Visitor: 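Questions regarding the structure given below will be posed in turn.
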Amino acid sequence: VNLDLQDLRTFDNYTFAHSVNVAVYACNVGLGMNLNMDELEDLVLAALLHDLGKQEIPDEILNKPGRLTQEEFALIKTHPEMSYKIIQERLDISSMVKNAVLCHHENYDGSGYPNGLSGNAITLSARILHVVDVYDALVSKRTYKASYSPFAAIEILEGGKGSLYDPDVVEAFLKYVPIYPKGTEVELDGMVKGIVVENSGERNLRPIIRLENMKEIDLSDPKNSNMVITMPSDTDYFNVLCEEEKRKEMIKKLEKLSVMIIDEGDDTYANLSEKMSYLYNFTHVKSDYQAEGYIKKNGKPDVVIVDVDHRDLTNMDKLKKNNERMSSIVPVIAIGSYRDMETIKKFKNLGIRNYVLKPYRVIYLQSEIKRSVVAYTH
């Protein structure tokens, strides 16, 4: 486990720091909800490991300076399963930890991922991780967004109670996680400055504030109910609303493209279906003849990928006719290991313009598919 976390720290320092923060928050909530020591240990370990799979996400997406596209977010959404796969065979990690890692983005109403679980079908540990993970992400500054104020983050959690988040977990979070840690500088009513000196229990959201003149004010006292820690300005609220609109656009359900792979072997199909099924619906056929039969019966796919490594390149006339027939109805991308200019020239003579060289990066192939489909439809 130590090695896994060190790998994560080396890969991306923000993700490592975020995982530590989530572990601290989760422990506070778990204590407040009376988890026993074994359950707490599992919860904290799951929090530390929940984002391990982000090591598989390209840095240009993970730290992109701007909102992700729907396709990029679809890749990000695979990280719970990736995290689970990394620890799946570890005998020193309990099944409870593995389940919490896999399910930390399941929503209480069943609208989450990867399996669309709902209510108590989601383990308590996973429900806790979901809430604290979202809170820390909201209050953290990232390349694509400013940090939300604690007040704004709480409003988002409150707004998601019963739909996205377990209401009991949200209530425990608001009671046991210090929203305004001791020593935090705050303003009362936008004018009087002070420092938080006590924030436990019922004082978590209404702490004791020590003013500059050393006078202390207990905001949980009913006589001080009219006093509030300064809320975000109208500009802050506007920025949060804009960010939420962008986020909602990003997380809209993505319609998957259909991709047919003509591969006499199984390696290309196995590789792509494992790495890109989050984005495409794959069909595997072994020959041009099978491809034409499938299309006649089921309709054409959005794009065809042809593995040329197993092809007989001696009968170029036949290959050219096959390519012309296929490319007349659907965009075609060739994938292969041929690097010599003579063979690549042969492909160009066949009319193949989209040739992707192995080994390829998934993100590059994704952009090539998108480019080919857009060019074909226009």
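Quick caveat, the model's predicted, so the values are computed rather than measured.
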Visitor: For His105 and His50, I'd like to know if the aromatic rings sit close, meaning centre-to-centre distance below 6.0 Å.
Guide: no
Visitor: Check for a donor-acceptor pair, side chain of Glu72 on one end and backbone N or O of Thr69 on the other, with a separation under 3.5 Å.
Guide: yes
Visitor: Is there a side-chain contact between Leu75 and Leu68 in this structure, where contact means two heavy atoms from C-beta onward sitting under 4.5 Å apart?
Guide: no
Visitor: I need the full list of salt bridge (Lys or Arg N to Asp or Glu O under 4.0 Å) pairs touching residues 102-124, with sequence neighbours left out, sorted by first then second residue.
Guide: none
Visitor: How far does OH of Tyr338 sit from CG of Asp309, to the nearest 0.5 angstrom?
Guide: 6.0 Å
Visitor: Does Lys161 use its side chain to pair, donor to acceptor, with the backbone of Asp168 at less than 3.5 Å?
Guide: no
Visitor: Please step through side-chain contact (heavy atoms from CB on, under 4.5 Å) for the pair Leu40 and Met33, ending with a clear verdict.
Guide: CA-CA 10 Å; Leu40 278 175; Met33 298 187 78; over 6 Å; no
Visitor: Given the rule that I, L, V, M, F, W and Y join up when any side-chain heavy atoms are under 4.5 Å apart, are Ile329 and Val373 in one cluster?
Guide: no
Visitor: Would a 4.5 Å heavy-atom cut-off, applied to side chains only, mark Met227 and Ile217 as touching?
Guide: yes
Visitor: How long is the straight-line distance from CD1 of Ile87 back to CG of Leu45, given to the nearest 0.5 Å?
Guide: 7.5 Å
Visitor: Using links of under 4.5 Å between side-chain heavy atoms of ILVMFWY residues, direct or through other members, which residues join Met96 in one cluster?
Guide: none
Visitor: Would you check if the side chain of Asn199 reaches a backbone N or O of Pro178 as a donor-acceptor pair within less than 3.5 Å?
Guide: no
Visitor: Which heavy atom in Gly53 sits nearest to a heavy atom in Ser83, and how many Å separate them?
Guide: N-OG, 2.7 Å
Visitor: Assess the pair Phe347 and Tyr355: is the distance between their ring centroids shorter than 6.0 Å?
Guide: yes
Visitor: Mark yes or no for whether Gln55, through its side chain, and Leu52, through its backbone, hold a donor-acceptor pair below 3.5 Å.
Guide: yes
Visitor: Output the rest of the hydrophobic cluster of Val24: all Ile, Leu, Val, Met, Phe, Trp and Tyr residues reachable through side-chain heavy-atom contacts under 4.5 Å, sorted by chain and number.
Guide: none
Visitor: Look at atom CD of Glu60 and say whether more than 12 heavy atoms of other residues, nucleotides or ligands are closer to it than 6.0 Å.
Guide: yes
Visitor: Are any of the side-chain heavy atoms of Val308 and Ile335 separated by less than 4.5 Å?
Guide: no
Visitor: Taking the side chain as everything from C-beta on, heavy atoms only, tell me whether Ile262 gets closer than 4.5 Å to Asp307.
Guide: no
Visitor: Is it the case that the side chains of Asn271 and Tyr360 hold a donor-acceptor pair, with the cut-off being a distance below 3.5 Å and no angle test?
Guide: yes
Visitor: Can you measure from CG (Leu174) to CG (Leu157) and round to the nearest 0.5 angstrom?
Guide: 7.0 Å
Visitor: Less than 4.5 Å apart, side chain to side chain, heavy atoms only: is that true for Asn315 and Leu319?
Guide: no
Visitor: Determine yes or no for a side-chain-to-main-chain donor-acceptor pair under 3.5 angstrom, with Ser140 supplying the side chain and Ala137 the backbone.
Guide: no
Visitor: Taking the side chain as everything from C-beta on, heavy atoms only, tell me whether Lys300 gets closer than 4.5 Å to Met260.
Guide: no
Visitor: Once you round to the nearest 0.5 Å, how far does CD of Glu198 lie from CD1 of Ile208?
Guide: 5.5 Å
Visitor: Counting only heavy atoms not in Lys256 (residues, nucleotides, ligands), do more than 12 fall under 6.0 Å from its NZ?
Guide: yes
Visitor: Tell me which pairs pass salt bridge (Lys or Arg N to Asp or Glu O under 4.0 Å) where either residue lies in residues 333-356, with sequence neighbours left out.
Guide: none
Visitor: Given 3.5 Å as the limit, does a donor-acceptor pair link the side chain of Ser111 with the main chain of Asn107, or not?
Guide: no
Visitor: Tell me, which pairs form a salt bridge (Lys or Arg N to Asp or Glu O under 4.0 Å) where one or both residues lie in residues 268-281, sequence neighbours left out?
Guide: none
Visitor: Carefully, step by step, assess Asp288 and Arg311 under the rule salt bridge (Lys or Arg N to Asp or Glu O under 4.0 Å).
Guide: CA-CA 11 Å; Asp288 297 334; Arg311 296 244 159 175; 2.8 Å; yes
Visitor: Using 30° and 60° as the class limits, which term best fits the ring planes of His18 and Tyr14: parallel, tilted or perpendicular?
Guide: parallel
Visitor: What about Leu124 and Leu117, same hydrophobic cluster or not, with Ile/Leu/Val/Met/Phe/Trp/Tyr joined at side-chain heavy-atom distances under 4.5 Å?
Guide: no
Visitor: Same cluster or not: are Leu350 and Ile333 linked, directly or through other Ile, Leu, Val, Met, Phe, Trp or Tyr residues, by side-chain heavy atoms under 4.5 angstrom apart?
Guide: no
Visitor: In terms of side-chain heavy atoms, does Ser258 have a donor or acceptor partner in Asn281 at a distance below 3.5 Å?
Guide: no
Visitor: Got a sec: does the NZ of Lys370 have more than 12 other heavy atoms crowding it under 6.0 Å?
Guide: no
Visitor: Could you go through the side-chain contact (heavy atoms from CB on, under 4.5 Å) check for Ser367 and Tyr364 one step at a time?
Guide: CA-CA 5 Å; Ser367 64; Tyr364 173 74; 4.2 Å; yes
Visitor: Taking the side chain from Gln366 and the backbone from Val362, do they hold a donor-acceptor pair closer than 3.5 Å?
Guide: no
Visitor: Which pairs count as ring pair (Phe, Tyr, Trp, His ring centres under 6.0 Å) when at least one residue sits in residues 244-277, sequence neighbours excluded?
Guide: Tyr269-His284
Visitor: With a 4.5 Å heavy-atom cut-off, do Lys175 and Asn204 have their side chains touching?
Guide: no
Visitor: Give the minimum heavy-atom separation between Val332 and Asn354, together with the two atoms involved.
Guide: O-ND2, 3.3 Å
Visitor: Between His130 and Asp166, does any side-chain donor sit less than 3.5 Å from a side-chain acceptor?
Guide: no
Visitor: Begin from the C-alpha positions of Gln290 and Ile295 and carry the test side-chain contact (heavy atoms from CB on, under 4.5 Å) through to its verdict.
Guide: CA-CA 9 Å; Gln290 286 185 6; Ile295 290 173; over 6 Å; no
Visitor: Indicate yes or no for a side-chain donor-acceptor contact from Asp42 to the backbone of Val97 under 3.5 Å, with no hydrogens or angles considered.
Guide: no
Visitor: Inspect the contact between Glu216 and Arg210 and indicate whether a charged nitrogen and a carboxylate oxygen are less than 4.0 angstrom apart.
Guide: yes
Visitor: How long is the span from the CD1 atom in Ile305 to the CG atom in Asp263, to the nearest 0.5 Å?
Guide: 10.5 Å
Visitor: Okay, side chain of Asn224, backbone of Asp218: is any donor-acceptor separation there less than 3.5 Å?
Guide: yes
Visitor: Hey, mind stepping through Lys286 and Asp266 against salt bridge (Lys or Arg N to Asp or Glu O under 4.0 Å) and telling me if it holds?
Guide: CA-CA 9 Å; Lys286 291 183 176 289; Asp266 295 327; 3.1 Å; yes
Visitor: Verify whether one side chain among Thr15 and Asp51 offers a donor that lies under 3.5 Å from an acceptor in the other.
Guide: no
Visitor: When you measure from the side chain of Asn298 to the backbone N and O of Tyr294, does any donor-acceptor pair fall under 3.5 Å?
Guide: yes
Visitor: May I ask you to decide whether Glu185 forms a salt bridge with Lys193, counting only side-chain N to carboxylate O separations under 4.0 Å?
Guide: no
Visitor: Find the distance between CG (Asn322) and OG (Ser327) and round it off to the nearest 0.5 Å.
Guide: 10.5 Å
Visitor: Hey, is Asp221 close enough to Arg206 for a salt bridge, meaning N to O under 4.0 Å?
Guide: no
Visitor: State plainly whether one hydrophobic cluster holds both Ile57 and Tyr84, where clusters connect Ile, Leu, Val, Met, Phe, Trp and Tyr through side-chain heavy atoms under 4.5 angstrom apart.
Guide: no
Visitor: For Tyr289, I'd like to know if atom OH has over 12 heavy atoms of other residues, nucleotides or ligands within 6.0 Å.
Guide: no
Visitor: Looking only at heavy atoms, which two atoms of Val44 and Cys27 are closest? And how far apart?
Guide: CG2-CB, 3.8 Å
Visitor: Taking C-beta and beyond as the side chain, do Pro80 and Tyr113 meet within less than 4.5 Å on heavy atoms?
Guide: yes
Visitor: Can you give me the closest heavy-atom contact between Pro331 and Ser372, atom names plus distance?
Guide: CB-O, 3.9 Å
Visitor: Between Tyr108 and Ile156, is there shared hydrophobic-cluster membership here, with clusters defined by ILVMFWY side-chain heavy atoms closer than 4.5 Å?
Guide: no
